[in-house]
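This report concerns only the one structure given below.
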Amino acid sequence: NQPFSVGSHSVTAKYSADASYNASTSSTISFTVAKDTPALGLSAANQNSSGQYIGGQATVFNIQVANGAIVGNYNSQTGAVAPVPVAPPTGTVTVSGFPSGTSAVGSLSPAVDVTTQAVESVATVTAPAGTPAGNYNVTINYSGDSNYNSTSGSATITVVSPGTGLASTTTATSSGT
C-alpha cells in the first residue's frame with residue numbers, strides 16, 4: 001500500500017459477497033494525515049568505545065532523518081516496531097559547527113533503518129582528515145518537504161587524536177622456508 005498524502009481522506013470498505021456471505025459496505029471513516037516532525041540522528045564508523053570520533057582520517061558522518069512517529073514508538077527493550085508505509089523524507093540537511101573544510105550540505109537518499117526496519121533518509125557530510133582534535137557544537141538543520149516539517153537538532157561532537165582510546169595488537173607468525 002502507498003502511504004496517504006498529507007491532508008484529509010476518507011475510506012470505505014466494501015465486500016462484494018460470495019456463496020457464503022452477503023455483500024457489505026462499511027461506514028465511511030474520515031481522517032487527516034498531518035505533517036510529521038522527523039527525528040534526526042548523527043553517526044560515523046570511526047568511533048571509539050567512548051563515542052568519540054577518531055581524527056587523522058576523513059570522517060563520513062551519516063545524518064539520519066526518520067519518521068518521528070515511528071521512532072517514538074520503537075520499543076528498545078523488545079526491538080518491536082510497527083513500521084507503516086510512509087514516504088521517506090526528501091530534501092537536504094545543512095550542518096554547521098564543524099571547522100572550515102567540512103562539507104556543509106547533504107542531499108537525502110532513501111534508506112531503511114537497520115534497527116527498526118522503518119523507512120528513513122540518510123545524507124552524508126565529510127570532515128577532512130586534518131580536522132583538529134576538540135569539541136564541536138554541531139547543529140543539523142533539515143529543510144522539510146511536503147510530508148515532513150523542517151526541524152533542527154544539535155550535539156557536541158568530540159574528535160580525538162589518532163590512537164586515543166584505541167588498543168590494537170598485531171601478531172604475525174611465519175612458517176616455511
Could you check S143 against S150 for side-chain hydrogen bond (donor to acceptor under 3.5 Å, both in side chains), going step by step and ending with a plain yes or no? CA-CA 5 Å; S143 59; S150 61; over 6 Å; no
What heavy-atom pair brings P110 and P88 nearest, and what distance separates the two atoms? CB-CG, 4.1 Å
So with a 6.0 Å cut-off around CG of N22, is the heavy-atom count from everything else above 12? no
Below 4.5 Å, heavy atoms only, C-beta onward: do S152 and Y142 meet side chain to side chain? no
Taking atom OG of S26 and atom NZ of K14, what is their separation to the nearest 0.5 Å? 9.0 Å
Note, T131 side chain near Y136 side chain (heavy atom, < 4.5 Å): yes
Check: T32 and H9 side chains under 4.5 Å, non-hydrogen atoms: no
Of all heavy-atom pairs between A123 and V93, which one has the smallest distance, and what is that distance? CB-CG2, 3.5 Å
Residues at least two apart in sequence or cross-chain that pass side-chain contact (heavy atoms from CB on, under 4.5 Å) with S27, listed by chain then number, are none
In this structure, OG of S96 is separated from CG of N141 (nearest 0.5 Å) by 6.0 Å
Are T158 and N135 linked by a side-chain donor-acceptor pair shorter than 3.5 Å? yes
Any donor-acceptor pair under 3.5 Å linking the side-chain atoms of S107 with those of T92? no
Please tell me if the side chains of T12 and T25 come closer than 4.5 Å, counting only heavy atoms from C-beta onward. yes
Is the backbone of A87 close enough, under 3.5 Å, to the side chain of Y148 for a donor and an acceptor to pair up by distance? yes
T124 side, atom OG1; N62 side, atom CG - distance, nearest 0.5 Å: 6.5 Å
Please go through Y15's hydrophobic cluster and name the other residues, only I, L, V, M, F, W, Y counting, with side-chain heavy atoms under 4.5 Å joining them. Y21
If you look at every heavy atom in G55 and P162, which pair is closest and at what distance? O-CG, 3.3 Å
Heavy-atom check, side chain of Y53 versus side chain of V160, under 4.5 Å: no
Determine the sole option in D36, V65, L40 for which the side chain to side chain contact (heavy atoms under 4.5 Å, CB included) test with P89 is passed. V65
Calculate, to the nearest 0.5 Å, the distance between atoms OG and CG belonging to S121 and D113 respectively. 11.5 Å
Check T59 against I54 and note the closest heavy-atom contact, atom names and distance. OG1-O, 4.0 Å
If I take atom CD1 from residue I157 and atom CZ from residue F98, how far apart are they, to the nearest 0.5 angstrom? 5.5 Å
Does either side chain, that of T90 or that of D145, offer a donor lying less than 3.5 Å from an acceptor on the other one? yes
Joint hydrophobic cluster, I63 plus L108, side-chain heavy atoms closer than 4.5 Å: yes
Closest contact, heavy atoms only, S10 versus S30: CB-OG, 3.7 Å
Criterion side chain to side chain contact (heavy atoms under 4.5 Å, CB included) against V86, the qualifying member of N147, V33, N67: N67
